[in-house]
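Below is one structure; the comments refer to it alone.
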Amino acid sequence: MFDKVGDAISKFKQSLPLISDLKNDALRERHWKKLMKVTGKSFDLDPKSFTLGKVFQMNLAEFGDMIGEITNEAIKV
């Protein structure tokens, strides 16, 4: 049981940079469209429906590096 909790905590900690990237105010509509294209995922940007649970369901952590690159690109613009 403790292993499962430890795993869940570890995965969450690894997701923090991703969450930070997705929360970045520099992301504009064009960046979100690019994120959807590179991840192959379509998501609604309404804060009521685009929740942390949805981020985990879509396995966006698999695309963490690409999401980070797009976020850095948005910050530099």
Donor-acceptor pairs under 3.5 angstrom involving side-chain atoms of residues 19-30: please list them, not counting sequence neighbours.
from: N24; atom 1: OD1; to: A26; atom 2: N; distance (Å): 2.7
from: R28; atom 1: NH1; to: D25; atom 2: O; distance (Å): 2.8
from: E29; atom 1: OE2; to: K33; atom 2: NZ; distance (Å): 3.3

Any donor-acceptor N/O pair, T51 side chain to K54 backbone, under 3.5 Å = yes
For residues 43-50, which side-chain N or O atoms pair as donor and acceptor with protein atoms under 3.5 Å away, sequence neighbours left out?
from: D44; atom 1: OD1; to: D46; atom 2: N; distance (Å): 3.2
from: D44; atom 1: OD2; to: S49; atom 2: OG; distance (Å): 3.1
from: D46; atom 1: OD1; to: K48; atom 2: N; distance (Å): 3.1
from: S49; atom 1: OG; to: D46; atom 2: O; distance (Å): 3.3

Which pairs with one or both residues in residues 60-77 pass salt bridge (charged side-chain N to carboxylate O under 4.0 Å, His left out), sequence neighbours excluded?
-> K34-E73
Rounded distance (nearest 0.5 Å) linking atom CE of M66 with atom CD1 of I70 | 8.0 Å
Taking ring-ring contact (aromatic ring centres under 6.0 Å, His included) as the test, write out the residues that go with F56, two or more places apart.
-> none
Same hydrophobic cluster for V55 and L16, using side-chain heavy-atom links shorter than 4.5 Å among ILVMFWY?
-> no
Candidate pair K41 and L60, rule side-chain contact (heavy atoms from CB on, under 4.5 Å), full reasoning = CA-CA 9 Å; K41 310 285 182 177; L60 292 180; 4.0 Å; yes
Kindly state each residue pair satisfying salt bridge (charged side-chain N to carboxylate O under 4.0 Å, His left out) with at least one member in residues 4-13, sequence neighbours excluded.
-> none
When clusters are formed by joining ILVMFWY residues with side-chain heavy atoms under 4.5 Å apart, either directly or through shared neighbours, do L18 and V38 land in the same one?
-> yes
Going by side-chain heavy atoms closer than 4.5 Å, which hydrophobic residues are tied to V5, directly or by a chain of links?
-> I9
d(H31 NE2, I75 CD1) to nearest 0.5 Å is 9.5 Å
Any side-chain heavy-atom pair from T39 and M58 closer than 4.5 angstrom?
-> no
